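All remarks here apply to the structure that follows.
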Amino acid sequence: MSQWLPIAEIAAKVAGGELLATDLVDQALKTIEEKKEYNAIIAVTAERARERAASIDAAVKNGENAGRLAGVPFIAKDNFLVFGAEATAASNILKGFKPPYQATAIERLEAEGAICVAKANLDAFAHGASTENSDFFVTKNPHDKTRVPGGSSGGSAAAVVLDMAPFALGTDTGGSIRQPASFSGCVGYKPTYGLVSRSGVVAMASSTDVIGPLTRTVDDAALVLEIMSGQDQLDSTTIPRDGTPYTDLATDLAGKKIGVIKEYMGEGLAPEVKERIDAAIEKLKTAGVDVQEVSLPSLPTALAVYYIVCPAEVSSNLSRYDGQRYAYSASGTQNLDESYVKSRGQGFGKEAKRRIMIGTYVLSSGYYDAYYRKAQTVRTKLIQEFVEAFKQVDFLLGPVAPTTAFKIGQNAEDPLQMYLSDIMTVAVNLAGIPAISIPAGESNGLPVGLQLMAPQRADRALLSVAKATEELLL
Amino acid sequence: MKLARLARLDLSEDEINEYRQELSSILDYVTLLQEVDVTGLEPTSQVTGLVNVTREDQVMDYGVSHEDLLRLAPQTLDGQIKVKRMIG
């Protein structure tokens with residue numbers, strides 16, 4: 001049982017003077033301390049959180065509007081720039097970096113009274129599916145300390161499941177919100193690409209990166225999305241909202257058409273995951289949903305497309321870490337070039353270097369057409385297949401990952417094996433469509449997530465069907 | 001290793017050997033894309049459909065000063081970021 005009320009209720013009670021933001025912050029910090037053996041948290045922002053809580057409590061006493069998230073504590077993945085703590089992206093190259101500004105998403109949440117209490121662990125630069133690539137430590141799955149929580153937003157997912165705060169923020173470039181939500185047992189929402197500003201969030205792959213909430217319920221995710229989303233001058237890839245709110249979701253399921261993705265339900269899927277997904281499908285049918293099988297024949301190419309496009313964009317985005325303007329700078333170098341190569345060689349972890357090199361290779365002269373250009377063209381094919389599928393059905397359904405949480409160390413030696421855990425999530429990122437992972441029960445004591453997807457910009461509809469499904473699966 | 005040079009990464013001999021093997025197997029995996037028929041299709045570079053997003057060319061105050069940013073640099077001189085010599 002969670003110690004936190006639904007987010008909207010917390011805010012209402014703070015605004016009404018029944019709860020003090022200061023007490024809520026203390027509660028969060030206490031739980032963070034109690035659960036520290038799980039290594040979910042890199043740093044707490046205790047001082048600043050307490051200051052903000054005090055000013056929110058004072059504002060409430062003064063009869064001022066404290067915001068729709070008044071006093072609600074939250075935890076941000078450490079690739080978000082937030083005042084009061086370093087922003088490391090779990091990488092040694094950013095250790096010690098104190099942000100001079102905050103992410104727009106953080107500014108918007110704070111403007112509505114939410115309070116960041118801590119920064120969560122991740123795979124360094126969000127490269128990974130388990131937090132084993134963090135340069136600092138591995139986060140443990142809340143259900144089984146010998147297993148990973150998923151990644152790259154593993155710390156955020158674990159924090160929510162360990163009840164450290166009512167919500168956490170993550171990023172999803174190839175599945176990094178949905179997969180840890182599935183492995184750890186919470187809701188993880190990936191919005192339509194462009195809905196939430198990425199200003200102030202460490203960039204990974206610019207054409208697929210999104211920010212999203214990890215929460216206990218769909219309603220909570222919807223409210224956080226509502227506050228964060230909307231065009232931002234500081235991020236020219238943000239799309240305008242059309243006035244549709246993400247709150248007060250309608251939850252009628254009857255007559256909705258949901259397509260089960262054939263390519264995700266076959267050979268690679270572990271039986272213990274399939275059984276939970278099949279059980280959920282049966283409940284949807286009983287509730288009057290028109291469940292059909294849908295095929296997107298190019299899906300088996302999605303992982304290859306992603307592992308060309310993503311490293312290519314990573315190699316470009318990580319070129320800014322040059323040891324000259326901020327963060328880690330190697331000592332004892334003789335000239336600028338040596339300073340570049342040593343700062344980067346010493347500061348970056350293995351996976352970052354791996355991806356930078358793959359990216360550099362596929363973008364290099366002589367290889368660009370065969371790899372990068374080809375991958376981006378296959379991407380067009382994938383996008384078209386999603387568009388076609390959504391002519392047949394309203395939503396798509398499938399598992400989030402081929403297995404439940406794997407053991408710490410199991411995939412660490414084989415990067416390609418680790419990449420394969422993204423097989424059911426990356427296509428969504430390449431297409432820029434919204435998707436969600438909601439808990440669908442447990443198998444052998446480990447959580448299994450159900451994935452639902454919708455067309456671009458259909459976030460409200462997706463959240464609605466997800467909420468209805470969540471109610472069904474309780 | 002030429003790639004490491006292009007990427008401005010200083011790698012040890014051991015690292016180079018390790019990466020060579022790993023990169024090889026990853027790149028083998030992605031060559032499955034060679035088989036895919038993409039006749040008549042254009043590459044996707046972005047999924048929003050946005051074109052030429054602009055804003056007014058005005059200095060905006062985001063509450064970040066020159067000093068705030070300089071403070072982050074490893075070495076500064078007279079209000080500028082100082083770097084090592086480029087030649088030699």
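Predicted model only: the values in this text are computed from it and were never measured. Chain letters run A, B, ... following the sequence lines, proteins first and then strands; every chain starts at 1.
Within the 4.5 angstrom heavy-atom criterion, only side-chain atoms of B/Ile81, from C-beta onward, approach chain A. Only the side chain of A/Tyr371 has a heavy atom closer than 4.5 Å to any heavy atom of chain B. Using a 4.5 Å cut-off between heavy atoms, A/Tyr372 does not touch chain B at all. Proximity to chain B is absent for every atom of A/Ser315, based on heavy atoms less than 4.5 angstrom apart. Only the side chain of B/Thr31 comes within contact range of chain A, judged by heavy atoms closer than 4.5 Å.
Between the side chain of A/Thr301 and the main chain of B/Leu33, no donor-acceptor pair closer than 3.5 Å is present. Judged purely by atom type and a 3.5 angstrom limit, B/Glu15 has no side-chain atom pairing as donor or acceptor with the backbone of A/Gly345.
For the pair A/Glu338 and B/Lys84, the salt-bridge criterion is not met [side-chain N within less than 4.0 Å of a carboxylate O]. Between A/Asp337 and B/Arg5 a salt bridge is recorded (basic side-chain N to carboxylate O distance below 4.0 Å).
Chain B forms more heavy-atom pairs under 4.5 Å with one residue of A/Ile356, A/Thr360, A/Thr237 than with any other, namely A/Thr360. Ranked by heavy-atom pairs shorter than 4.5 Å toward chain B, the options A/Lys353, A/Gln456, A/Lys342, A/Gln233 are led by A/Lys353.
If you take CG on A/Leu416 and CG on B/Leu27, they are separated by 10.5 Å, rounding to the nearest 0.5 Å.
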